[in-house]
Every structure is written in C-alpha cells, then in structure tokens.
Amino acid sequence: MRLILFGPPGAGKGTQATAIVDALSVPHIATGDILRENVANATELGNRAKQYMDRGDLVPDEVVIDMIADRIAREDARGGFLLDGFPRTVAQARALDEVLERDGHRIDAVLRLLVPDDELVTRLLRRAQEQGRSDDTRDVIENRLAVYRAETEPVLGLYRDRGVLHEIDGTGDISEVRERVLTVVRSLEPAA
Ligand code: AMP
C-alpha cells in the first residue's frame, strides 16, 4: 500500500500515522521529521532548510523532492509506505507521480484528516508547551496554516479527481479518530 496522510499542521497526522504503519507494516515517512533530524545534525540539507522551517514557510520543492525520491527508493519502502507531510505543493505531487510511475506504481489512497481551524490553533499551542518545537509559536503557526491553505490544499484536487481521496473526521479523542482511520485503511485495495 502506498498511502498519503494529509491535513493541516495540528490535524494529528503524526499521531495517527503510528496506528496505520503498525496495521500495514510499512515505513512511516515524515518529511518534517527527516528535515528536523537534518537540522539537528547540521547537515547541508538541514542548514538549507532551517531558515524556511523557522518561519513556517515551505522548504523549496527541489530539496524535499530529492529527499523523498531517495527515501522511497530504499529497500524498506519497496512494498509500500505512508507519507506524512508530503506532498505539500502541486509540483511535489506531480514529481511523486513521476517517481512512482517509473516503477509502475501509484498512490493507492490519500487519507485527509478534517479538523476546524480554531481546534488546530489550540492543539498547536498545546504542543508548543509540551514539546517545545521551535515552529509552534502563534505567529509561525498562523503562517503555517496560511501556507497550508494557499499551497497545500490545492493538491487535494488532483487526488479527488482520481477518486483516491478519503476524508476522515479528525475531531474527538485520539482513539476515536484512530478507529475511523483504521476503518478506511481496512477497506482499501492496492491499486498497482
Ligand atoms: P511538519 O512536521 O510536517 O509540520 O513540517 C515542519 C516544517 O518542515 C514545515 O513547516 C516546512 O517548513 C517543512 N516541511 C515539511 N514537509 C515539507 C514539504 N513536503 N515541503 C516543504 N516543506 C516541508
């Protein structure tokens, strides 16, 4: 299964990803996590990405596209994967299609977590206190949500047109959302 977990910052993607990868035994590939690891290790990639991440802007497409192409080419992702936080622009979605098509693969499903804006801000401010992520301040949060609306939401149209978009209510307890997500995951059939 080749899946994408989609939703704005604070929708619970990281939390729900754990349940999905456990159920399917596929790797969880989160661009935000890979980028933060590179920042922490002060790699060339990390040094390039940091300024964008600190502002809540997107890291340039070519940087993340190359990073994801390398990651999904690895052995553990051959049989499938769960992408979290990618694609975030239409250009990234098209590049992903090209990479997959080379091997005759495609995305089986996109799971979109729906959470109202006021709830997202509350959750992100709570995470700021609990985890101290440097991009969880109010100004940066507002920019990340604006960037999501402007650059990331348009990606949904591509997948909706293909009939692979599944919308899931992301409000309520973590366990309730998990049940909804797993119900959709169990209903999926691999495409190719
Ligand atoms: P996340 O942990 O998914 O919220 O990502 C944290 C930050 O990493 C984002 O605010 C962006 O600056 C950067 N980032 C993560 N994924 C991407 C992506 N697919 N394209 C561009 N920037 C990204």
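First listed ligand is number 1; within each ligand, the first listed atom is number 1. As a basis for the values below, the full set of heavy atoms in this structure was taken, side chains included, without hydrogen atoms, waters or symmetry mates.
With hydrogens and angles ignored, the 3.5 Å screen pairs no side-chain donor or acceptor of Ser25 with any backbone N or O of Val21. Although no hydrogens or angles enter the test, the distance criterion places no donor-acceptor pair under 3.5 Å between the side chain of Arg106 and the main chain of Leu100.
With hydrogens and angles left out, the side-chain atoms of His105 and Arg2 include a donor and acceptor closer than 3.5 Å.
Ion pairing between Glu142 and Arg138 holds under the 4.0 Å rule for side-chain N and carboxylate O.
One distance of note links CZ of Arg88 with CG of Asp61; it measures 11.5 Å at 0.5 Å rounding.
Seen from the ring of Tyr148, Arg144 does not count as a face-on cation partner, given the 6.0 Å and 45° thresholds.
Protein neighbours of ligand 1 below 4.0 Å, counting non-hydrogen atoms: Thr31, Gly32, Leu35, Arg36, Met53, Asp57, Leu58, Val59, Val64, Gly85, Phe86, Arg88, Gln92, Arg133, Asp135, Arg144.
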